[in-house]
Protein chains: 2
Amino acid sequence: MEADWTDETKGAVESHGKYISAIYRHMQILIAAELAPYRIGSGQYIFLMAIAGQEKITQKALSEDLLIDKTTTAKAIAKLEAEGYVRREADPADNRYQLLYLTEAGRAVVPKVQEGLNRVKSIARRGISDEEYAFMLVLLKKVLRNVSE
Amino acid sequence: MEADWTDETKGAVESHGKYISAIYRHMQILIAAELAPYRIGSGQYIFLMAIAGQEKITQKALSEDLLIDKTTTAKAIAKLEAEGYVRREADPADNRYQLLYLTEAGRAVVPKVQEGLNRVKSIARRGISDEEYAFMLVLLKKVLRNVSE
DNA sequence: TTATATAGAATGCTATTGCAACTAATGATT
DNA sequence: AATCATTAGTTGCAATAGCATTCTATATAA
C-alpha cells in the first residue's frame with residue numbers, strides 16, 4: 001500500500017543519525033544549564049577542559065584534537081578569554097602561534113565544570129553498565145573515524 | 001604530578017559527549033553536501049522524511065516525535081514549504097492545526113534524499129557489523145531517553 | 001455570552017558552528 | 001634579498017537550534 005521507499009525512510013529515521021542528533025541537542029541543553037552559573041556556554045566547556053588537560057596548547061592543536069573547525073575554536077577561546085578563564089600568549093619562537101593557558105579563575109572553575117559534566121554524564125549513563133558503556137564508546141569512535149576522514 | 005581533576009578531565013573529554021558532538025557535526029556536513037543539489041539543508045531533511053512517513057501530521061506531533069523544539073520545526077517547515085516540497089493545510093476541524101503534506105516535488109525528491117542519507121549511513125557504518133550496529137542503537141536509545149526526560 | 005484559559009504555531013533574539021575570504025607571520029625558491 | 005607559498009588565526013556571513021514572547025483559534029467558566 002505504500003511505496004518501497006517508505007520502509008527505507010523509516011529505516012533511515014531509525015538509524016543512528018536521529019539519536020546522535022537528539023542526544024547532542026539535549027546534552028547541550030543540560031550542559032548549558034549546569035555551566036550557566038559560571039558564564040560558560042555549551043560551546044566553550046570542551047575547550048576549557050582541553051586546555052586544563054594540556055596547557056600551552058595552540059588553537060590549531062585544539063581544533064585538531066577536538067575535530068572542531070578552527071574558526072569555531074577561535075570564537076570559543078575569545079569568549080573564555082573575555083570571561084577571564086583563559087589567557088593567550090604569543091609563542092616567542094613563532095608569532096603566528098597563540099599559546100593558551102588557564103588563568104587563576106580558570107584553574108578555579110575547572111573542578112566546578114567537571115562536577116557539572118559528571119552530573120550530566122551520570123544522567124546520560126543511567127541503566128547502562130560499564131561494559132556496555134565502554135563498548136558503545138568503541139563503536140562511537142569507529143563511527144567518528146568513518147565520518148571524519 | 002598533576003592534580004586529581006586532571007584525570008577526571010581526561011575521562012570526561014573521553015566520554016560519549018565528545019564523540020556524540022563530533023559525529024553530529026561531521027554528519028551534518030556530509031548530509032548537507034549530499035542534499036545541497038536539492039536545496040535541502042541538514043536542518044530540514046529529517047522533517048521531510050518524517051512527513052513522507054506520515055502525511056497529514058501536525059508540527060506539534062513532528063516536534064514531539066523528533067524531539068525537536070517546536071520553533072525549530074516551524075522554521076524548518078517554512079523552508080521546506082518555500083522550496084515547494086511541503087504544503088500546509090489548516091485542519092478544517094480546528095484551525096489551530098496546520099496539517100502537513102508532501103507536494104509532488106516533495107514526493108519526487110524523497111527517494112533522492114533517501115539515497116543521499118543511505119550513502120552517508122553506509123560511510124558511517126563502515127567496519128561495524130549488523131549486530132554491533134543494532135546494539136549501539138539500543139544503547140543510544142537508552143542514552144536519549146535518559147537525557148530527554 | 002462574555003471573559004479567561006489553553007493550545008498550536010509564528011516571531012525576535014541569541015548561541016553554536018562552519019565556510020569563504022582575509023591578515024599576519026614564517027618558510028621556500030629564485 | 002625579494003618573491004611566492006604556506007600556516008595560524010581572525011572576520012563576515014549564513015545555517016541550525018532553542019528560549020521567551022506573541023498571535024490566533026479553540027475550549028472552559030462565570
Side-chain angles (χ1 to χ4, degrees), chain A residues 17 20-33 35-36 39-48 57-83 86 88-100 147-148, chain B residues 17 20-33 35-36 39-48 57-83 86 88-100 147-148:
Chain A
I20 294 283
S21 160
I23 293 168
Y24 170 76
R25 288 179 288 101
H26 282 87
M27 286 195 56
Q28 293 267 89
I29 293 170
L30 294 177
I31 291 172
L35 306 185
R39 303 177 53 82
I40 296 171
S42 64
Q44 291 114 54
Y45 79 92
I46 199 170
F47 296 99
L48 179 80
I57 195 170
T58 65
Q59 293 185 193
K60 171 117 167 64
L62 269 183
S63 301
E64 287 170 354
D65 290 355
L66 302 175
L67 292 167
I68 293 177
D69 188 84
K70 62 178 181 170
T71 69
T72 301
T73 300
K75 288 157 192 166
I77 298 301
K79 287 199 177 183
L80 286 170
E81 194 182 26
E83 290 296 336
V86 165
R88 288 193 268 203
E89 208 172 272
D91 186 342
D94 187 334
N95 279 296
R96 287 174 301 184
Y97 292 84
Q98 298 288 325
L99 304 179
L100 304 173
V147 297
S148 67
Chain B
I20 294 283
S21 160
I23 292 169
Y24 170 76
R25 288 181 286 99
H26 283 87
M27 285 195 57
Q28 292 267 90
I29 293 169
L30 294 177
I31 290 172
L35 306 186
R39 305 177 52 83
I40 296 171
S42 64
Q44 291 115 52
Y45 78 90
I46 198 170
F47 296 99
L48 180 78
I57 196 172
T58 65
Q59 292 184 193
K60 174 128 168 58
L62 268 183
S63 301
E64 287 170 355
D65 290 356
L66 301 175
L67 291 168
I68 293 177
D69 188 86
K70 61 180 181 167
T71 68
T72 301
T73 300
K75 288 158 192 164
I77 298 301
K79 287 199 179 184
L80 288 170
E81 193 181 27
E83 290 296 337
V86 166
R88 288 194 267 206
E89 207 173 273
D91 186 343
D94 189 333
N95 278 296
R96 287 174 301 184
Y97 291 85
Q98 298 289 325
L99 304 180
L100 304 173
V147 297
S148 66

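So that the names make sense, note that chain A is the first sequence line, chain B the second, and so on, each numbered from 1. Just so it is clear, the model here is predicted, and its values are computed rather than measured.
- Regarding Tyr97(B), its OH atom lies at a distance of 11 Å from the C1' atom of dA27(D), rounded to whole Å.
- Counting to the nearest Å, the P atom of dT10(D) and the CG atom of Leu62(A) are 12 Å from each other.
- With Gln44(B) contributing its side chain and Gly41(B) its backbone, the two residues share a donor-acceptor pair below 3.5 Å.
- Looking at Ser63(B), its side chain does come within 3.5 Å of a backbone N or O of Gln59(B) through a donor-acceptor pair.
- Nearest-nucleotide assignment on DNA chain C puts the 5′-proximal partner with Ala76(A), out of Asp91(A) and Ala76(A).
- Between the side chain of Arg25(A) and the backbone N or O of Leu67(B), at least one donor-acceptor pair lies under 3.5 Å.
- Atom CG in Asn95(A) sits roughly 16 Å away from atom C1' in dT10(D) (whole-Å rounding).
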> Hey, mind stepping through Lys79(B) and Glu83(B) against salt bridge (charged side-chain N to carboxylate O under 4.0 Å, His left out) and telling me if it holds?
Replying inline: CA-CA 6 Å; Lys79(B) 287 199 179 184; Glu83(B) 290 296 337; over 6 Å; no
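- Straight-line distance from the CD1 atom of Ile77(A) to the P atom of dA8(D): 16 Å, rounded to whole Å.
- To the nearest 0.5 Å, atoms CD1 (Ile20(A)) and CD1 (Ile20(B)) are separated by 3.5 Å.
- When rounded to the nearest whole Å, the span between CZ of Arg96(B) and C1' of dT28(D) equals 12 Å.
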>> Strictly under 4.0 angstrom, non-hydrogen atoms only: write out the protein contact profile of nucleotides 16-21 of chain D, one letter per nucleotide from the 5' end, B, S or -.
In response: SSBBB-
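- Considering every non-hydrogen atom in both Tyr24(B) and Ser21(A), the closest pair reads CD1-CA, 3.6 Å.
- Summarising the geometry, the separation between CZ on Arg39(B) and C1' on dA14(D) is reported as 13 Å, rounded to the nearest angstrom.
- At the phosphate of dA10(C), OP1 or OP2 sits under 4.0 Å from a side-chain N or O atom of Gln59(B).
- With rounding to whole Å, Leu66(A) atom CG is found 11 Å from dT17(C) atom P.
- Here CG of Leu62(A) is found 4.0 Å from CD1 of Ile57(A). Values are rounded to the nearest 0.5 Å.
- For Lys60(B) and dA10(C), the NZ to P distance is 14 Å, given to the nearest whole Å.
- In terms of position along DNA chain C, the nucleotide closest to Thr58(B) lies nearer the 5' end than the nucleotide closest to the other residue of the pair Thr58(B) and Ala93(A).
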